[in-house]
Amino acid sequence: MKRPKSAHKNAIKKLLAPESLLDLLEAAKKCPLTPEGNLEFAAYQNSVFERIFPGFTYQFCSTCQINLSGEGALSNLTSVDWNLPEACMQSYLENAHLDDLSPIVYANPGRALNYTYVCPQELIDKHPLFIAHSHKFDIHHVISVGFLHPGHLNTFLSFDYMGNKANKNWVSFNHMKVELASFPFALAWFYRSGVFDEPTLRKIFLLLEGLTESRLSNLRKYINAPMQSYEDQAAALGIRASTLKEDLALIRNGTMYKLGLKTAPNRNTPTRLLDQHFGFLQMLGDHTTDLVGITIPENS
């Protein structure tokens, strides 16, 4: 049974609630840093998605670290394959040359994409990768999102959320919600791999606490478009410049409160304070720009 879109209206707000982020942090700490612990954490990620997105589910998930060569070719891949047999990754590596979507995901960090971006929906099951690889494991739908490794140019963490043939709710699902919901988990996976220490992850989660989907989206745009005016940023977001400024001012004030920052008397703190503390949102990229490397089919 499909749920109305309104059922997911506050999903990101629920995920970014203090108690939810604390639970995520504790799960990232508690699950052992072993292959079994990684699968346990991947199962936890699935349970959170099902909680905040009623009616939306995925049957399989691959969490991958990908290293690309200077020319953009796949040079190394390690993965955590939840609900998939070990043979699945070997099969994928043998058929990776048929994967038309992943290079586009890597070229557009932070953007959730599915195979309708490379072929019409009705032809996906006839795509060479699905015939040679995916169908052997009952994979018929994929939503992929990748995040650039902090400090790296050619290393990515990606999530491939996959559905079986019976899963019918993928194409219409709001992919921006997948991007935003995946982001705290990407941060947690980076913590588990040693990219962030616990104090850094705690600070990032503190800064994200209490943000709504719209405010996080507006802040994401602001951080990733420093050369654009408020007016241009707001136009790209489809809102008024005054709304953007108000949201950023509220986030700035909340940030100062959370971090115990004080400003000089009779002096306004500039909004650019946010750049100093929210630079990690560069991992999400600018969601209002045109996607790189694709021509969306007319009937997708």
Side-chain angles (χ1 to χ4, degrees), residues 12-13 15-16 18 21-22 24-25 28 65-66 68 105-112 145-159 176 178-230 232-234 236-237 239 241 244-263 268-289 292:
I12 303 305
K13 183 178 180 180
L15 178 60
L16 299 182
L21 288 174
L22 178 60
L24 172 52
L25 175 64
Q65 179 172 300
I66 301 101
L68 303 179
V105 171
Y106 307 148
N108 296 277
R111 307 291 288 274
V145 58
F147 300 95
L148 192 61
H149 188 298
H152 289 211
L153 291 176
N154 290 316
T155 306
F156 296 83
L157 176 75
S158 73
F159 299 116
M176 190 178 297
V178 174
E179 298 167 7
L180 298 180
S182 296
F183 186 56
F185 285 96
L187 297 169
W189 281 102
F190 280 132
Y191 159 73
R192 287 177 57 79
S193 65
V195 175
F196 300 130
D197 61 10
E198 183 178 336
T200 299
L201 185 60
R202 283 187 178 275
K203 178 184 177 183
I204 291 174
F205 280 1
L206 176 64
L207 292 170
L208 292 173
E209 276 184 13
L211 291 180
T212 62
E213 180 176 347
S214 62
R215 286 185 181 158
L216 179 56
S217 296
N218 293 348
L219 181 59
R220 175 185 184 181
K221 172 64 178 179
Y222 173 79
I223 292 294
N224 286 286
M227 301 303 291
Q228 291 184 354
S229 66
Y230 285 121
D232 289 340
Q233 291 179 18
L237 290 164
I239 60 176
L244 177 60
K245 291 179 181 179
E246 289 169 4
D247 272 2
L248 295 174
L250 287 169
I251 297 169
R252 176 201 62 203
N253 295 343
T255 299
M256 293 178 65
Y257 175 78
K258 291 174 183 178
L259 299 181
L261 303 176
K262 298 185 182 299
T263 187
N268 291 326
T269 302
T271 307
R272 280 296 164 194
L273 168 80
L274 298 173
D275 292 314
Q276 177 183 351
H277 296 290
F278 284 93
F280 59 87
L281 289 180
Q282 292 176 11
M283 296 166 57
L284 268 171
D286 185 346
H287 55 298
T288 70
T289 60
V292 176

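No experiment lies behind these values; they were computed from the predicted model shown.
Just one of Asp286, Thr289, Asp232 meets the side-chain hydrogen bond (donor to acceptor under 3.5 Å, both in side chains) condition when paired with Lys221; it is Asp286.
To the nearest 0.5 angstrom, Glu198 atom CD is 8.0 Å from Leu201 atom CG. Taken from CG in Leu180 to CG in Leu15, the straight-line distance is 9.5 Å, to the nearest 0.5 Å. Taking CG from Leu208 and CD1 from Ile12, the interatomic distance works out to 11.0 Å, rounded to the nearest 0.5 Å. Atoms CG and CD, from Asn218 and Glu213 in turn, are 10.5 Å apart once rounded to the nearest 0.5 Å. Expressed to the nearest 0.5 Å, how far OH of Tyr222 lies from CD of Gln233 amounts to 7.5 Å. The CG atom of Leu22 lies 11.5 Å from the CG atom of Leu206; values are rounded to the nearest 0.5 Å.
The two residues Thr200 and Asp197 have their closest heavy-atom pair at OG1-OD1, 2.6 Å. Heavy atoms only, all atoms of each residue included: Gly110 and Phe147 are closest at CA-CE2, 4.1 Å. Minimum heavy-atom separation, Pro184 to Phe205: O-CZ, 3.8 Å. When all heavy atoms of Arg252 and Thr271 are compared, the pair lying nearest together is NH1-OG1, 4.0 Å. Across Val145 and Ser182, no two heavy atoms sit closer than the pair CG1-OG, 3.8 Å. Residues Tyr230 and Lys245 come closest through the heavy atom pair CD1-CE, 3.4 Å.
Counting heavy atoms from C-beta outward, Leu237 and His287 have side chains that approach closer than 4.5 Å. Looking at heavy atoms from C-beta onward, Ile223 lies in side-chain contact with Asp275 at the 4.5 angstrom threshold.
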Checklist line | Test ring pair (Phe, Tyr, Trp, His ring centres under 6.0 Å) applied to Phe278 and Phe280, step by step | finding: CA-CA 5 Å; Phe278 284 93; Phe280 59 87; 5.7 Å; yes
Next item on the list: Under the side-chain contact (heavy atoms from CB on, under 4.5 Å) rule, what do Asn224 and Gln282 come out as? Steps first, then yes or no, please.
Entry: CA-CA 6 Å; Asn224 286 286; Gln282 292 176 11; 3.9 Å; yes
Notebook entry, point to check: Step by step, would you call Leu248 with Arg272 a side-chain contact (heavy atoms from CB on, under 4.5 Å)?
Noted result: CA-CA 9 Å; Leu248 295 174; Arg272 280 296 164 194; over 6 Å; no
Next item on the list: For side-chain contact (heavy atoms from CB on, under 4.5 Å), just list the numbers for Met283 and Leu148, CA-CA rounded to whole Å, side-chain angles, deciding distance to a tenth of an Å, and then say yes or no.
Entry: CA-CA 6 Å; Met283 296 166 57; Leu148 192 61; 5.7 Å; no
Next item on the list: Run the numbers on Leu261 and His277 for side-chain contact (heavy atoms from CB on, under 4.5 Å), then give the verdict.
Entry: CA-CA 12 Å; Leu261 303 176; His277 296 290; 3.8 Å; yes
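Proximity of a side-chain donor or acceptor of Arg215 to a complementary backbone N or O of Asp247 within less than 3.5 Å is not detected. Between the side chain of Glu179 and the main chain of Ala112, a donor-acceptor pair closer than 3.5 Å is present.
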